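Protein chains get the first letters and strands the later ones, always in sequence-line order, with residue 1 at the start of each. Predicted model, so just to flag it, every value in this text is computed and none were measured. Worth knowing before you read on, the calculation uses all heavy atoms, side chains too, and leaves out hydrogens, waters and symmetry mates.
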There are 2 protein chains.
Amino acid sequence: MSIASASRVLNGIGGSPETTRRVREAAAAVGYVPNAIARSLQSQRTGLIALAVEDIGNPVYVAMMRAIEAVVAESGHQLLVHATGGDVAGETALLRRLAHRYVDGMIISPIRITDVHVEALTASPVPVVVVGQLPEDVPVDNVRADSRTGVALAVDHLVGAGRTRIGFVNGPLDTVPGAARDAGFRAAMARHGLAVDPAMVEVGDFQYAAGRAAAERLLARTDPDAIVCANDLIAVGALHALLVAGRRVPEDVALVGMDDTELAQMSFPQISSVSLGSAERGQLAAGLLLDRIADGTLAPRREHVAPSLAVRASSGSVQ
Amino acid sequence: MSIASASRVLNGIGGSPETTRRVREAAAAVGYVPNAIARSLQSQRTGLIALAVEDIGNPVYVAMMRAIEAVVAESGHQLLVHATGGDVAGETALLRRLAHRYVDGMIISPIRITDVHVEALTASPVPVVVVGQLPEDVPVDNVRADSRTGVALAVDHLVGAGRTRIGFVNGPLDTVPGAARDAGFRAAMARHGLAVDPAMVEVGDFQYAAGRAAAERLLARTDPDAIVCANDLIAVGALHALLVAGRRVPEDVALVGMDDTELAQMSFPQISSVSLGSAERGQLAAGLLLDRIADGTLAPRREHVAPSLAVRASSGSVQ
DNA sequence: TTGTATGCGTTATCAT
DNA sequence: ATGATAACGCATACAA
């Protein structure tokens with residue numbers, strides 16, 4: 001019994017009935033299981049696709065992941081997720097290890113873009129798609145949201161509802177989304193002729209606890225009639241702070257979050273939120289990746305997804 | 001320049017200054033990146049560990065993942081997460097593909113255990129640790145919670161606070177946790193001499209929307225003074241239903257969730273919740289796995305984590 | 001220190 | 001239909 005024959009039977013190519021039987025018996029007897037590593041070395045593919053996000057605890061990434069999974073499963077790939085913790089070293093280490101052909105491709109959504117990222121991205125031996133902003137000259141497939149316009153949607157909505165003392169709780173300014181949302185907030189306020197009171201702006205990280213603490217600080221020193229939050233985790237934290245402080249939402253203070261995750265709908269009252277199209281971005285990113293895996297010579301593409309606003313009880317007329 | 005010399009330099013073993021320089025230059029010029037697959041075929045390890053859970057959108061798995069990540073990172077491994085969607089075919093496909101040596105080991109937390117699972121588990125060529133119940137005779141490392149006792153903790157607490165009309169919103173009874181929690185609820189009620197009114201029991205899946213819908217059905221036909229929920233997602237959904245229905249929590253209806261996730265603390269009022277020690281279970285599972293990776297001849301071990309109750313506003317005295 | 005040669009477990013090519 | 005063999009890219013035992 002030759003190795004070649006065994007391989008053929010196990011892959012369902014040819015083999016006489018007798019040979020097939022003998023191979024199957026032997027395999028069962030030995031408890032044979034194919035070694036996927038060896039197979040991949042030969043086939044130059046693993047059937048695996050990786051997704052690297054900062055924080056898998058943030059529902060926005062869960063939504064993105066589900067959208068990606070649906071697309072890649074279609075093409076017979078399996079999706080693996082890695083949480084980087086926003087750590088630059090961790091992200092690039094991932095690129096170094098995984099991208100060195102453990103996976104057929106990867107989608108990464110970094111919240112910070114450093115030179116190290118750019119270098120690792122361009123040097124990656126496997127196809128990579130970035131979800132998020134990327135310097136213009138980096139030749140990597142890329143799908144981006146427009147959080148600047150997204151914040152403007154929120155501000156426009158609040159101003160239209162008669163709010164003028166609008167607070168803003170943001171994430172770190174040294175992150176790409178944090179910087180974009182800050183700029184978007186200031187631009188939108190200016191457009192409406194509203195000054196940005198420094199006391200009305202708070203910065204934490206993109207988490208619930210930070211959002212709650214930031215909102216508490218904000219409420220301790222000023223009196224907003226609306227608060228825009230840089231994501232839904234922050235918004236839920238701010239809602240908590242508002243309710244604990246005895247503010248009615250939306251009567252006293254209107255609240256708008258961002259990312260339009262499940263969290264916004266799970267809260268009470270439900271929170272208005274700017275959708276940055278996370279599911280759609282995931283779907284597009286997966287498509288770009290599969291295309292590039294199929295043909296590595298494609299020119300880098302860049303897709304955009306427009307924001308939209310979901311108005312709910314937290315900023316709407318009293319339910 | 002021989003391949004062996006290049007390999008040595010790239011791995012930092014030996015090499016004269018001159019050779020080292022030449023190798024590095026050549027590598028940079030060609031844009032050489034090591035092929036991890038080939039390296040793994042040789043070294044018989046990938047440095048990767050996989051975690052398979054049903055629903056990464058459930059914070060309980062996020063907590064577990066973080067605990068696991070902390071442990072495996074210590075030993076130089078990288079953690080990859082796969083969401084199975086509770087799908088048996090998907091879970092076993094994962095075992096088949098990943099476990100065939102793409103990873104050095106895996107931790108899986110199935111909510112259903114079928115014969116197919118058992119077979120795949122025992123046949124796995126790489127070390128596997130199961131988080132959750134497992135038939136006694138399956139020789140696989142295993143760490144389990146005691147959700148039966150956990151539900152009892154919730155019921156005891158509510159009865160102790162004078163509640164008698166206690167409702168129960170559970171997940172599917174054909175899942176391991178669903179069945180255990182149902183049994184635990186009935187046993188605890190019986191112990192207190194309380195009858196279980198069928199109208200007071202609802203079943204959905206372990207999600208927010210199902211929890212909310214189930215609580216709405218329950219409230220439409222009966223009038224509980226307390227509700228126990230089989231996990232925090234359900235509890236948040238039930239809280240939403242209660243508030244929409246105009247019930248005060250905890251004055252009119254006390255609420256207790258399970259898993260003690262971030263969600264319980266993010267809600268308003270904060271939700272009392274039974275901790276099943278998800279972080280600790282993750283930590284233990286990771287330890288078991290690393291031990292087994294180091295020594296495959298170890299006898300299968302079984303760890304237990306005791307539940308505890310975190311009392312918060314949703315069932316406590318009025319804040 | 002450096003080069004040669006072998007093996008890791010498969011698949012694929014080529015004879016037979 | 002089957003068997004021998006090369007190749008995938010790397011690490012290492014051994015010889016030089």
Side-chain angles (χ1 to χ4, degrees), chain A residues 1-48 76-78 93 95-105 123-127 293 296, chain B residues 1-48 76-78 93 95-105 123-127 293 296:
Chain A
M1 181 57 44
S2 80
I3 297 186
S5 295
S7 173
R8 277 188 287 258
V9 169
L10 263 18
N11 287 305
I13 334 176
S16 71
E18 169 61 6
T19 307
T20 302
R21 191 191 54 76
R22 285 178 57 198
V23 170
R24 293 209 191 290
E25 263 177 20
V30 189
Y32 170 84
V33 294
N35 182 320
I37 290 282
R39 181 194 303 244
S40 292
L41 182 60
Q42 162 71 25
S43 65
Q44 302 288 27
R45 69 184 297 276
T46 63
L48 264 24
H77 291 266
Q78 222 151 20
L95 281 166
R96 269 205 305 282
R97 293 180 66 164
L98 275 196
H100 291 6
R101 306 225 182 273
Y102 273 135
V103 296
D104 293 339
S124 170
V126 307
I293 289 174
Chain B
M1 180 58 42
S2 79
I3 297 186
S5 294
S7 173
R8 277 187 287 258
V9 168
L10 264 17
N11 287 306
I13 331 176
S16 72
E18 169 61 8
T19 307
T20 302
R21 191 191 55 75
R22 285 178 57 198
V23 170
R24 293 211 190 289
E25 263 177 21
V30 189
Y32 170 83
V33 293
N35 182 322
I37 290 283
R39 182 195 302 248
S40 292
L41 183 60
Q42 161 71 24
S43 66
Q44 300 289 28
R45 69 183 299 275
T46 63
L48 264 25
H77 292 266
Q78 222 150 19
L95 281 167
R96 269 205 306 279
R97 295 179 65 164
L98 275 197
H100 291 5
R101 306 224 181 275
Y102 273 135
V103 296
D104 293 339
S124 170
V126 306
I293 288 174

Which residues share a side-chain contact (heavy atoms from CB on, under 4.5 Å) with B/Ser43, sequence neighbours left out =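 Residues passing side-chain contact (heavy atoms from CB on, under 4.5 Å) with B/Ser43: B/Arg45.
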Any side-chain heavy-atom pair of [X] and [Y] under 4.5 Å:
| X | Y | value |
| --- | --- | --- |
| A/Leu48 | B/Tyr102 | yes |
| B/Asp104 | B/Val126 | no |
| B/Met1 | B/Thr19 | yes |

request  = Could you list all the salt bridge (charged side-chain N to carboxylate O under 4.0 Å, His left out) pairs where at least one residue sits in residues 4-17 of chain B, not counting sequence neighbours?
outcome  = none
query = Which residue pairs satisfy the salt bridge (charged side-chain N to carboxylate O under 4.0 Å, His left out) criterion with at least one member in residues 25-41 of chain B, sequence neighbours excluded?
reply =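 Listed by first then second residue: B/Arg21-B/Glu25.
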request  = Taking Watson-Crick and G-U wobble pairs with both distances under 3.5 Å, convert DNA chain D into its dot-bracket string, 5' to 3', dots for unpaired and | for cross-strand pairs.
outcome  = ||||||||||||||.|
request  = Take nucleotides 7-16 of chain D nucleotide by nucleotide from the 5' end and write B, S or -, depending on whether a protein heavy atom sits under 4.0 Å from the base, only from the sugar-phosphate, or from neither.
outcome  = BBBSBBB---
Contact list for DNA chain C against residues 18-28 of chain B - heavy-atom distance below 4.0 Å = B/Thr19
key: B/Ser5 side chain near C/dG3 phosphate (N/O to OP1/OP2, under 4.0 Å)   =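 For C/dG3, OP1/OP2 do have a side-chain N/O of B/Ser5 under 4.0 Å.
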Exercise: identify the closest heavy-atom pair between A/Thr46 and A/Val103 =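 So the two residues come closest at OG1-CA, 3.5 Å.
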request  = Please confirm whether the backbone N or O of B/Ala36 pairs with a side-chain atom of B/Ser40, one donor and one acceptor, at under 3.5 Å?
outcome  =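 A pair under 3.5 Å: yes.
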inquiry  = Under a 3.5 Å distance rule, please check whether B/Asn11 uses its side chain to pair with a backbone N or O of B/Ile13 as donor and acceptor.
reply    = no
query = Which value, rounded to the nearest 0.5 Å, describes the distance between B/Arg24 atom CZ and B/Leu10 atom CG?
reply = 7.0 Å
